[in-house]
Structure formats: structure tokens, C-alpha cells
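Convention: sequence-line order gives letters A, B, ...; per-chain numbering from 1.
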Amino acid sequence: MNNVFVYCEITEEGHVAEVSQELLSKGRKLANDLGIGLEAVAIGTKLDGIEKEILPYGANVVHVADDKRLFPFTTLPHAAILVKLFEEQKPEIALFGATSIGRDLAPRVASALRCGLTADCTSLEIGDHTEAKAGKTYKNLLYQIRPAFGGNIIATIINPDTRPQMATVREGVMKKELWPAASNPVVNKIDVANYVSDEHFVVKIIERHIEAQKINIKNAQVIVAGGYGVGSKENFNLLYDLADVLGAQVGASRAAVDAGYVEHERQIGQTGITVRPKLYIACGISGAVQHRAGMDQASMIISINTDPQAPINQIADYTIIGQVHEVIPRMIKYYRQNSK
Amino acid sequence: MPFRIIVLAKQVPDTRNVGKDAMKADGTVNRAALPAIFNPEDLHALELALRVKDQVKDAEIVIVSMGPGRAAEIIREAMYRGADSGVLVTDRKFAGSDTLATSYAISLAVKKLAPFHLVIAGRQAIDGDTAQVGPQTAEKLGIPQVTYAEELVSVDNKQITIKRRLERGIEVVKSPLPVAITVHSSAPVCRPRNAKLVMKFKHARTVTELQEETKDYTELRHDRPYLNIEEWSVDDIQAETDKLGLSGSPTKVKKIENVVLQRKESKVLTADEKDMDLLMQELIATHVIG
């Protein structure tokens with residue numbers, strides 16, 4: 001059987017992106033379930049030693065395509081390398097981060113290979129499938145699980161007949177985990193000239209401004225998150241006040257981001273960031289499944305909502321029925337008076 | 001030769017108003033049960049196309065939409081805002097298509113409209129949020145792609161320069177034509193309907209729609225051929241049926257589950273000062289905060 005492949009994104013600073021390391025960790029688990037190996041693909045420039053950031057997460061093989069034309073990322077050369085490499089190696093599974101790059105690249109590759117691709121998976125598992133009509137059983141498929149359609153349902157998607165089984169996953173959904181190093185890891189230097197030609201470089205980047213990540217809510221211990229129910233950008237200031245006092249970060253639901261209350265980097269959920277804090281204070285968030293997918297692993301959840309029936313209350317440890325602008329100042333007041 | 005801009009647009013169920021009967025047993029969407037709207041990012045795509053048209057001589061915009069008969073509504077809507085003509089790609093055999101089968105069908109329709117200079121679409125549709133059909137269509141057409149367009153910088157008969165919106169910044173790229181572009185929601189919103197264009201196109205119909213009209217518009221349409229919205233079937237685009245619909249889709253829906261919340265023992269509190277003080281006291285005592 002063939003292996004699990006992970007496309008490793010290279011950051012501005014020349015490192016392997018965190019989402020790729022998370023996918024390697026998950027890829028290792030899937031590979032173990034299937035009794036196969038894990039291979040990584042890194043495409044960029046000045047990649048000497050890049051395997052040091054990949055092998056600790058369980059890869060057996062690292063394919064490296066190093067060429068000065070391969071950074072910054074452009075679609076066509078990266079796609080050409082992956083398509084040819086996948087045709088040669090015939091991966092069982094191929095995983096990509098659901099980033100600006102992954103969501104641009106993976107569909108192009110999937111189309112060329114005519115294989116199935118599922119976007120923004122919140123869970124990946126191995127399982128069997130029986131096609132009732134044909135009476136045919138498929139062993140060890142990749143279950144690609146994602147909320148769908150307004151978030152009222154969770155869909156399990158499979159690709160019975162095509163390989164690789166491809167999926168994209170958002171940052172933070174999978175946990176980064178170190179694995180014992182493979183006994184004989186292989187670094188395969190790809191001969192780039194055999195994989196790309198001049199025609200792949202017709203799109204030219206003439207200007208770039210990439211900022212370092214300013215907001216980092218993924219690793220916050222305490223998160224104060226607001227939804228559409230917060231009501232306005234001004235009301236969000238209360239959340240920042242509480243976050244300041246508690247040493248927390250401010251997060252938001254998609255509805256609050258779409259309404260323009262906060263910046264997109266703070267969005268928590270299926271199409272945002274997944275968080276696992278000690279405490280999650282949900283202010284005016286109703287709790288659609290896409291949002292819960294990004295926060296339901298918090299150790300403790302407090303919901304502040306005027307609606308006793310809000311779905312988020314059902315997963316909350318504490319539900320405070322009330323207005324955000326009444327509750328938060330009281331929390332701040334008590335904390336200021338009583339914390340050390 | 002006109003400068004042809006093809007805009008891909010989708011009529012989508014308004015996922016903000018989802019009812020119980022929204023899904024069919026086979027896991028596909030029951031579109032008939034939902035209000036249908038112009039996919040928001042496709043309107044941004046139309047605006048980008050209109051801006052190109054404003055700058056290039058002899059430019060024309062063709063809207064291509066794939067979907068059921070009523071999707072002709074969004075083609076008319078695009079005409080009211082400045083599109084010149086439209087094609088509805090519609091056939092029962094398309095039902096159940098995933099993004100790969102969809103992009104196959106769309107790419108054949110686009111090829112039938114060759115020679116073209118630009119293919120512009122919204123980044124993603126709100127019913128699936130996959131953002132896959134744009135890049136997959138580009139691949140099937142064998143042309144480059146520029147995703148997440150935010151602004152048209154410049155365009156001429158040979159090349160286009162586009163500002164892209166990325167997670168943590170922007171990038172300006174230049175591509176030769178033809179190229180496929182997907183447009184981000186941060187791009188300018190679409191201009192509103194133009195009253196003159198509404199008058200001009202209000203009788204635009206597909207053949208199927210015409211059959212449902214009580215009045216006979218044959219003469220009117222003879223004088224004004226732009227009132228014909230083309231309707232293309234599987235045969236018209238010469239598609240291989242095994243590459244369409246459920247059989248042409250490598251992804252299958254194995255199961256659909258309603259979301260069952262794992263109910264916790266939730267303590268319900270009021271917003272009173274007393275309740276708040278007790279809660280904060282407990283959080284501090286158990287070192288959750290502080």
C-alpha cells in the first residue's frame with residue numbers, strides 16, 4: 001500500500017508552517033492505522049535542513065524541491081511538482097493546510113489527478129464503507145468529516161475509487177504532536193528541472209506585503225469571544241477590557257466578523273481558528289456548529305446570552321442569562337477587587 | 001475580435017435561512033426548499049469584470065451559470081448590472097455533481113465560448129464554502145489562475161495586474177491572458193442595477209422560460225436577439241455523461257448526521273451581582289483565572 005503525503009507550506013521566515021506540522025502529526029496517526037508510511041513534500045528555496053522541522057512529527061520520507069523560483073509561492077510550479085510526484089508515488093492520502101496557499105493549490109492538483117478533495121475538514125478518520133447497491137465493500141477509506149450546509153449537519157465524505165484521497169484542514173484543528181524519529185529517514189532531493197518548465201512561471205509577483213502574525217489566539221489560555229449578539233464594534237470594547245484584566249485574548253464568531261465588529265484573524269470556528277483554552281467566555285454567541293467545531297474542546301465554557309435556548313448553552317458549564325454589557329463590568333469589578 | 005470576459009456565477013440557497021427539509025436523503029441539497037440568491041462573491045466577480053470592461057475597448061461580459069432552470073434569474077440580475085449576455089448550463093444529468101464534475105462541465109461551456117480573455121468567478125459559494133471550482137476550472141482549461149483578487153490594478157489586451165488578498169497581507173501579480181481569476185469578498189461591491197438596462201433586459205428569457213410565458217414574444221425576440229438567454233444541455237457542451245453527476249464525482253457523501261450536542265450539566269446563573277461574584281470567586285479559587 002502507498003503512503004500518506006503532507007504538503008508542507010513554507011513561511012515567510014523559511015520555516016515549515018505550524019498547520020503543516022499539525023497535519024504531519026495527524027498524518028502519522030492515519031499512517032499508523034493503515035500500517036503505511038508518512039511522506040512530506042517541501043517546495044521553496046533555501047531549504048537546507050528543512051527536514052529537521054518535519055521528521056520530529058513522524059515523517060519517514062521528506063521530498064524537497066529547492067529552487068529560487070519556487071518562493072514566494074505561485075500556483076503553477078508547485079502544482080506541477082505535486083502532480084508529477086503524486087503520479088509517480090501514488091499516495092493513498094494527501095493533506096494540505098486550508099490556508100491561502102493550500103486552498104489555491106489543492107484543487108488545482110485534485111483536478112489534474114481527477115481525484116476527490118474535501119475542504120475544511122474538522123476530523124479525519126479511517127473506516128470502511130459498503131456500497132449497498134453494488135454490494136461492494138471498501139476497506140480503510142479516509143473519512144473526511146466536516147460541518148455542511150448552514151451548519152445543521154455533519155457530513156462524512158469519502159472517495160472510494162480515486163487516489164489520493166485529498167483533504168484540506170484549517171490551522172489548529174489537528175494537534176501538533178512529536179513522534180519518535182523514524183529509524184531510517186530519507187531526504188529525497190527533487191530534480192526541479194524535471195518537474196517544471198518556463199511555462200509554469202508566467203504569473204509574476206510584482207509586489208508583496210506580508211505581515212507577521214499579530215494576533216495569536218490559538219495558544220491563549222483564556223479567550224473572551226463575541227458573537228453577533230454583542231451588537232456593535234463599540235460593545236466589543238467591553239470584551240477587550242475583560243480580556244485585558246484576565247490576560248486573555250479576544251475571539252469572535254463568523255457573524256461578528258462578517259458584521260465588521262472585529263478583524264478576521266480573530267475568527268474561531270470551522271473556517272477560522274480552532275482553540276483549546278482553559279476557559280472560553282462566549283458573549284452573545286448563539287453557537288452554530290461551525291463555531292462550536294472551533295471551541296468545543298475548551299476545558300470550561302461560560303456562555304453569556306439573553307436567550308436561554310441558545311445552542312451554545314448546552315455545551316456550557318455556566319450559562320449566564322443576561323446582557324453582555326451588564327455582566328462583563330460585574331466580572332471585571334469582582335476580579336479587580338479580589339485577584340492577587 | 002471582442003475582448004471576452006466570462007463571469008461564472010452561481011445561484012445559491014440562502015444558507016442563513018435553512019429549514020428542516022433542506023437536505024435530501026442522499027445527502028445532496030434540496031434546492032427547491034430554500035430561497036435562492038446570487039452568490040455574494042460572484043457579485044464581486046461581476047464588478048471586477050465591469051471594471052475591466054470600463055477600461056478595455058470592445059469588451060463584452062458573458063455570464064455562465066450552471067444550475068436548475070430558475071438560475072436564469074441571476075443571469076438577468078447580472079444583465080441589469082451590465083453583463084451583455086448569458087448562458088445557463090442546465091440538465092438533470094448534472095444533479096449531484098461535486099466540485100470536480102462541476103468544473104468539468106463549466107470548463108466545457110467556457111471552451112464553447114472561446115476565444116475568451118478572462119474567466120472571473122467568486123472565490124467560493126456560500127452553500128459549500130469549498131473555493132474549489134475556480135482553480136479546478138482553470139486547470140481544466142489549461143490556463144493560469146489568480147485567486148483571492150481584491151483590486152484590478154491594470155489590464156490591456158495581453159495581460160492583467162491584480163492585487164490579491166492573502167491571510168496576512170497582499171500580493172500584486174501580473175498574468176498573461178487568458179487567465180482565471182477568483183474574487184475575494186474584500187473586493188469592491190457590485191454596482192446596483194441600471195434602470196436603462198432593466199428596461200432593456202427585463203424580457204430576457206431562456207427557451208424553457210419562454211414556454212411558460214402566456215404572451216407570445218417571438219417577434220420581440222426576433223428584433224432583439226440579446227433577449228435570448230442561451231440554455232445548454234449535456235449534449236450542447238458535448239460532455240461525457242460518466243464524468244457528470246454522482247457517477248462523475250469522486251467524492252461521495254457517506255453519511256449525514258444531525259448535530260447532537262453533548263449536553264453538559266450547565267449551571268444557569270442570572271446577571272445579578274451576587275451570582276457574578278460567586279462565579280468569579282469559584283473561577284479564581286479553582287485557578288481557572290488569575
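Put simply, CD1 on A/Ile101 and OG1 on B/Thr147 are 10.0 Å apart, with the number rounded to the nearest 0.5 Å. Atoms CG and CZ, from A/Asp104 and B/Arg123 in turn, are 12.0 Å apart once rounded to the nearest 0.5 Å. Between the CD atom of B/Glu171 and the CZ atom of A/Phe73 there is a distance of 9.0 Å, given to the nearest 0.5 Å. A distance of 7.0 Å separates CD1 of B/Ile289 from CD1 of A/Ile281, quoted to the nearest 0.5 Å. Within the model, atoms CD of A/Glu131 and NZ of B/Lys254 stand 9.0 Å from one another, a figure rounded to the nearest 0.5 Å. The distance from the CD1 atom of A/Ile145 to the CD atom of B/Glu257 is 8.0 Å, given to the nearest 0.5 Å.
Not a single salt bridge (charged side-chain N to carboxylate O under 4.0 Å, His left out) links B/Asp275 to another residue, sequence neighbours left out. By the side chain to side chain donor-acceptor pair (under 3.5 Å) test, A/Gln297 is found to be paired with A/Arg276, residues two or more places apart in sequence or in another chain being considered.
Contact annotation for A/Ile302: only side-chain heavy atoms (C-beta onward) come within less than 4.5 Å of a heavy atom of chain B. Only the backbone of B/Ile143 comes within less than 4.5 Å of a heavy atom of chain A; no side-chain atom from C-beta onward does. When heavy atoms are compared at a cutoff of 4.5 Å, A/Ile206 approaches chain B by way of both its backbone and its side chain. The parts of A/Val202 that come within reach of chain B are both its backbone and its side chain, each placing non-hydrogen atoms under 4.5 angstrom from that chain. In this structure, the portion of A/Glu171 lying under 4.5 Å from any heavy atom of chain B is its side chain and not its backbone. Heavy-atom distances place both the backbone and the side chain of B/Asp277 under 4.5 Å from chain A. Using a 4.5 Å cut-off between heavy atoms, A/Ile157 touches chain B through backbone and side chain atoms alike. Proximity to chain B involves both the backbone and the side chain of A/Glu211, based on heavy atoms less than 4.5 angstrom apart. Looking at A/Thr99, the atoms closer than 4.5 Å to chain B (heavy atoms on both sides) sit in the backbone and in the side chain alike. If you measure heavy-atom distances from A/Thr118 to chain B, the contacts under 4.5 Å come from both the backbone and the side chain.
For chain B, the option among A/Pro107, A/Gly116, A/Gly322 with the highest count of heavy-atom pairs below 4.5 Å is A/Pro107. Counting heavy-atom pairs closer than 4.5 Å to chain B, the top-ranked of the candidates A/Asn159, A/Thr162, A/Ile320 is A/Ile320. When each of A/Ile158, A/Ile321, A/Leu246 is checked for heavy-atom pairs under 4.5 Å with chain B, A/Ile158 comes out on top. The candidate with the highest count of non-hydrogen atom pairs below 4.5 Å against chain A, out of B/Leu269, B/Thr99, B/Val133, B/Thr137, is B/Leu269. Among A/Gln337, A/Gln323, A/Arg146, A/Gln144, the residue making the largest number of heavy-atom pairs under 4.5 Å with chain B is A/Arg146. Ranked by heavy-atom pairs under 4.5 Å with chain A, the list B/Gln124, B/Lys140, B/Glu167 is led by B/Glu167.
Between B/Ile170 and A/Ile210, the shortest heavy-atom contact is O-CD1, 4.0 Å. B/Ser175 and A/Val203 make their closest contact through OG-CG2, 3.8 Å (heavy atoms, listed as atom of the first residue, atom of the second, distance). Pairing each heavy atom of A/Ala110 with each of B/Gln136, the nearest pair is CB-NE2, 4.0 Å. When all heavy atoms of A/Thr75 and B/Gln145 are compared, the pair lying nearest together is CG2-NE2, 3.2 Å. The two residues A/Asp120 and B/Asp129 make their nearest non-hydrogen contact at OD2-O, 3.8 Å. Between B/Ala271 and A/Val327 the shortest heavy-atom distance is CB-CG2, 3.6 Å.
Contacts with chain A (heavy atom to heavy atom, under 4.5 Å) involve these residues of residues 156-166 of chain B, listed by number: B/Thr161, B/Arg164, B/Leu166.
For the pair B/Pro250 and A/Asp161, the minimum side-chain heavy-atom distance is 4.5 Å or more. With a 4.5 Å cut-off on side-chain heavy atoms, B/Val172 and A/Ile205 do not count as touching. No side-chain heavy atom of B/Met276 sits less than 4.5 Å from a side-chain heavy atom of A/Lys333. Taking 4.5 Å as the limit, every side-chain heavy atom of A/Lys278 sits out of range of all side-chain heavy atoms of B/His287.
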Taking only distance into account, with no hydrogens and no angle test, what donor-acceptor pairs under 3.5 Å do side-chain atoms of residues 279-286 of chain B form with protein atoms, sequence neighbours excluded?
residue: B/Glu282; atom: OE1; partner: A/Tyr318; partner atom: OH; Å: 3.2
residue: B/Glu282; atom: OE2; partner: A/Tyr318; partner atom: OH; Å: 2.5
residue: B/Thr286; atom: OG1; partner: B/Glu282; partner atom: O; Å: 2.7
residue: B/Thr286; atom: OG1; partner: B/Leu283; partner atom: O; Å: 3.4

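Other residues, nucleotides and ligands contribute more than 12 heavy atoms inside 6.0 Å of the CZ atom of A/Phe71. Under a cut-off of 6.0 angstrom, the local environment of NZ in B/Lys111 is crowded, with over 12 non-hydrogen atoms contributed by other residues, nucleotides or ligands. A/Asp198 CG: 12 or fewer foreign heavy atoms inside a 6.0 Å radius.
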Q.
For B/Tyr104 and A/Arg114: C-alpha separation, side-chain torsions, deciding distance, then whether side-chain contact (heavy atoms from CB on, under 4.5 Å) applies.
A. CA-CA 10 Å; B/Tyr104 168 68; A/Arg114 288 186 174 177; over 6 Å; no
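Using a cutoff of 4.0 Å between basic side-chain nitrogens and carboxylate oxygens, B/Arg168 and A/Glu12 are not scored as salt-bridged.
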